[in-house]
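Numbered from 1 within each chain, the chains take letters A, B, ... in sequence-line order.
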Protein chains: 2
Amino acid sequence: MINRKKHVIKMAHQLFIEKGFQATSIQDILDYSGISKGTFYNYFSSKTELLIELFKTLFSEMEEKRNALLSEGDPSNIDIFINQLELQLKINEENKINALFEEVHFSNDNELKEFIKKRQITNLYWLYKRFIDLFGKDKKPYLLDCAIMFIGILQHLVKYYNLTYQPNYHRVVKYSVERIKLIIGEISTNGVQLIQPEMFQLFSIDGALHIPNYQQQIMRIIAEIKESVPVSNKVNELLDFIHDEISYSKKPRKYLIASAVSSLREEKEVNIHFVEKLTEVIEKI
Amino acid sequence: MINRKKHVIKMAHQLFIEKGFQATSIQDILDYSGISKGTFYNYFSSKTELLIELFKTLFSEMEEKRNALLSEGDPSNIDIFINQLELQLKINEENKINALFEEVHFSNDNELKEFIKKRQITNLYWLYKRFIDLFGKDKKPYLLDCAIMFIGILQHLVKYYNLTYQPNYHRVVKYSVERIKLIIGEISTNGVQLIQPEMFQLFSIDGALHIPNYQQQIMRIIAEIKESVPVSNKVNELLDFIHDEISYSKKPRKYLIASAVSSLREEKEVNIHFVEKLTEVIEKI
DNA sequence: CCTAAATTATACTATTAGTATAAAATATTT
DNA sequence: AAATATTTTATACTAATAGTATAATTTAGG
C-alpha cells in the first residue's frame, strides 16, 4: 500500500497532461486512480498540494539525471553542458512540465507561487554556477547577466522552433550556446554589468545553494534506501521529510533531521549501513 | 449608459489587479461596479470574455501610443525604438498586463489561449519588422531569430532586474539592445539561420500583418468618432464590430464592414465626414 | 486472533457560474 | 405625451465542485 500515494500522483499527472490541471476535478482523480475521497484528503490537503508533490518528484528525478551526466566528467567540457540542457528540455517535454508550469502561474495559492519562484531561482543559480565552470571565475561578474539572457534565449527559441518545425533540441541548444559565448566574450571585454550576482542572497537560498554536496549525497542515500526494500509508511514518511527539508528549506533544521534519522535507526527494514552513512553526512551540515 | 460596459471593464480591471483574475468572482465585479447579474451576462458571456475585451482595449491603446512615437520619425533611428520599448514596458507594468497574462495561461478556454497566442505572434512580427527598419533588409534572414532572442533577453532581464533593484527600464532596454546588435553583426557575418521568417505564414496572419496601413487609419477614425460625440448603443456596436473585424480577423470581411459603414451613414449623430473617410479607406482593403 | 491504522461510502455544507423570469426603469418612436 | 421597445434589476433557481464529517469496513502487523 506504500506506493498508493505515488500511484495517485502518477494517475493525476496523466490526467493533468490530458485535460490540464484546471480542468481535472478531484473527482476525476478519485475515479481514475480508484481511491475514495477520504483517502485523497488523507494524502493531500488539496489538488494544489498534489501538484507540488508531483513537481517535487519530477524535479528531483531531473536533477539527478542531469547531475549524473556530469559526475566524474570535466565541468568545463561544454559538450557535457549541452547534453545536460538537451536532457532537461526532453524531460520537460515528456512530462509536459512547461505546460503545467504555465497553467499554474494563475494560482492564488501562495505556497505554489513561492515554490515555483524558488525553483526558478535555483535553476538560474545552477546555470550561473555552470557558466563559472565553463567560462572561468574571472568572468564571474558578468555571468549572472549571461545566465539570465541565456535562459531567455533558449526558452524563446525552443518555443518558436517547436511551433515551426519538429523539435530538435540539439540544434537549438547549440545555436543558443554559440550566441551566449559571443556575448560573454564581448561583455567581459567591455566590463558591462547589469545585475550583481549578490542578487542570490536576496532569496536567502544562497547558503543552501553553496553547499549542494551534502544535499546530493543525502538524496542519493534516500533513493538507495527506497530502492533496496519496500519501506513501511513510517519509514517513507521519515525519508520524505528529510528529503523535503534538505531540498526546499532555506536552512535545513539539522537537529530535526538527526532526530528523524535516529527514528530510522529503530526500523529494522532499513539497512543499518544506510543509517550510518546518513548520520555521517548530516553531521557535516 | 453607453459607457457602462466600459465602466464595468475598468472596475473589473481594478479588481483583477488587486486580487487576481482567478480570485475575483463575478459577484465581486457586480458589487464593485454596481450592476446586476442580468446586465453582466447581457454584456459578457463569461468572466473570460470580459478579460479578452479588457486585453483588447489595453493592447489597442498601447499600440496606438507606440506607433505615435514613430509617426513622422525615422524608422531606422534606434533611439525611437528604445523609447517604444520603454513605453511598452511601462504600460505593461502600470496595467499589470504581465501578471494578468501569466495568471491566464491556465485557462481551458481555447478562445483565450488563441487570442494570447496570436497576440504574441503579432508582437513578434512587429519586432521583426522594426528590426528590418533598424538593421537593413539585407539581414532579413537572421532577424526573426534575433527578434525571438531579443524578446527572451529583454523579458528575462526585466524580470530579474525588477526582483533585485528598482525598475529602470531605460537601462535594461539599452543593455538588451547592445547585446542584440552584437549578435546580429555576428550572425549575419557567419550566415547562421535557425528559424525561417516564412514561419509567420503558418499563422495566416501574414497577410493581415503586411497591410497595417488601412488598419491603423480605420482605428484612428473610429477613435475620433467616439471622442467627437457620445454615441448610441447602435453606433457603438457597429464601430466595435468594425474595430474587431479589422484587428483580429485573418481576412477582414470587406463587404460586411462596408455594410456596417452604410448603416453608420444613417445615424445623424455621426458626422458624415467620418463616414466618407471610412468608406474611402475600406475600398482599399 | 486482536488491535490500530487506513480506507471506503455516504451524506452534508458552502461557494460559485450560469440560467430564467417577472417587474421596474429607461429610451425611443409616433 | 402616450405608446412601445429596450435595458436593467431583483430574485430564485440549477448544477458543479471543493472540502468536511463520520460510521462502517478492510487491511496490516504484532
Side-chain angles (χ1 to χ4, degrees), chain A residues 1-9 11-12 15-16 19-52 106-109 111-112 229-238 240 266-270, chain B residues 1-9 11-12 15-16 19-52 104 106-109 111-112 229-238 240 263 266-270:
Chain A
M1 285 298 109
I2 195 55
N3 300 325
R4 266 169 73 94
K5 191 172 171 184
K6 280 186 184 167
H7 176 249
V8 175
I9 295 179
M11 293 298 105
L15 288 176
F16 293 164
K19 322 171 42 166
F21 176 73
Q22 264 288 317
T24 302
S25 73
I26 289 181
Q27 193 58 51
D28 290 337
I29 300 173
L30 304 185
D31 297 344
Y32 198 60
S33 55
I35 59 165
S36 74
K37 211 167 200 177
T39 307
F40 182 92
Y41 282 101
N42 184 23
Y43 290 156
F44 317 99
S45 70
S46 66
K47 201 172 62 166
T48 311
E49 200 173 276
L50 187 162
L51 184 68
I52 291 184
F106 79 94
S107 168
N108 18 355
D109 188 317
E111 196 193 347
L112 183 54
V229 61
V231 293
S232 70
N233 257 343
K234 184 179 173 187
V235 170
N236 204 57
E237 187 183 305
L238 288 168
D240 284 348
E266 308 298 313
E267 307 297 316
K268 28 223 141 345
E269 59 195 295
V270 180
Chain B
M1 287 295 107
I2 195 55
N3 300 324
R4 264 168 76 93
K5 191 172 173 184
K6 278 186 183 165
H7 177 249
V8 175
I9 295 179
M11 294 297 104
L15 289 175
F16 293 164
K19 322 172 41 166
F21 176 73
Q22 264 286 317
T24 302
S25 74
I26 289 181
Q27 193 58 51
D28 291 336
I29 300 174
L30 304 185
D31 297 343
Y32 198 61
S33 55
I35 59 165
S36 75
K37 210 167 201 177
T39 307
F40 182 92
Y41 281 102
N42 184 23
Y43 290 156
F44 316 101
S45 70
S46 67
K47 200 171 61 163
T48 312
E49 200 174 275
L50 187 162
L51 184 67
I52 291 184
V104 126
F106 78 95
S107 167
N108 16 356
D109 187 317
E111 197 194 347
L112 183 54
V229 61
V231 292
S232 70
N233 257 344
K234 184 178 173 188
V235 171
N236 204 57
E237 188 183 303
L238 289 168
D240 284 348
S263 300
E266 308 298 314
E267 306 299 314
K268 39 238 137 327
E269 59 197 293
V270 180

What's the verdict on side-chain contact (heavy atoms from CB on, under 4.5 Å) for A/Leu50 and A/Tyr43, showing C-alpha distance, side-chain angles and the deciding distance?
CA-CA 8 Å; A/Leu50 187 162; A/Tyr43 290 156; over 6 Å; no
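- Going from atom CG of A/Asn42 over to atom P of C/dA9 covers 15 Å, rounded to whole Å.
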Please evaluate residues B/Tyr32 and B/Thr24 with respect to the criterion side-chain contact (heavy atoms from CB on, under 4.5 Å), reporting the C-alpha separation (whole Å), side-chain torsions for both, the decisive distance (0.1 Å), and the verdict.
CA-CA 11 Å; B/Tyr32 198 61; B/Thr24 302; over 6 Å; no
side-chain contact (heavy atoms from CB on, under 4.5 Å) between B/Ile9 and B/Phe44: does it pass, once the steps are laid out?
CA-CA 10 Å; B/Ile9 295 179; B/Phe44 316 101; 3.7 Å; yes
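- When the side-chain nitrogen and oxygen atoms of A/Tyr41 are compared with OP1 and OP2 of D/dA18, none of them lie within a distance under 4.0 Å.
- In terms of the side chain to side chain donor-acceptor pair (under 3.5 Å) criterion, residue partners of A/Thr39 (sequence neighbours excluded) are, by chain and number, A/Ser36.
- Per the geometry, CD belonging to B/Gln27 stands 18 Å off P belonging to C/dA14, to the nearest Å.
- Across the protein-nucleic acid pair, A/Lys5 atom NZ and C/dA6 atom P stand 12 Å apart, rounded to whole Å.
- Nucleotide C/dT7 holds its P atom 13 Å from the NE2 atom of A/His7, rounded to whole Å.
- Judged by distance alone, with hydrogens and angles left aside, the side-chain atoms of A/Lys37 form no donor-acceptor pair with the main-chain N or O of A/Ile26 at under 3.5 Å.
- Expressed to the nearest 0.5 Å, how far NZ of B/Lys5 lies from CD1 of B/Ile35 amounts to 11.0 Å.
- Considering only side-chain N and O atoms, A/Tyr43 lies under 4.0 angstrom from the phosphate OP1 or OP2 of C/dT7.
- The stretch residues 30-39 of chain A touches DNA chain C through A/Gly34, A/Ile35, A/Ser36, A/Gly38, A/Thr39, each having a heavy atom within less than 4.0 Å of the strand.
- The nearest whole Å value for the distance from the NZ atom in B/Lys47 to the C1' atom in C/dT15 is 13 Å.
- In this structure, A/Arg4 does not reach the C/dA6 phosphate: none of its side-chain N or O atoms is under 4.0 Å from OP1 or OP2.
- Taking atom CZ of B/Phe44 as the reference point, atom P of C/dG18 lies 13 Å away to the nearest angstrom.
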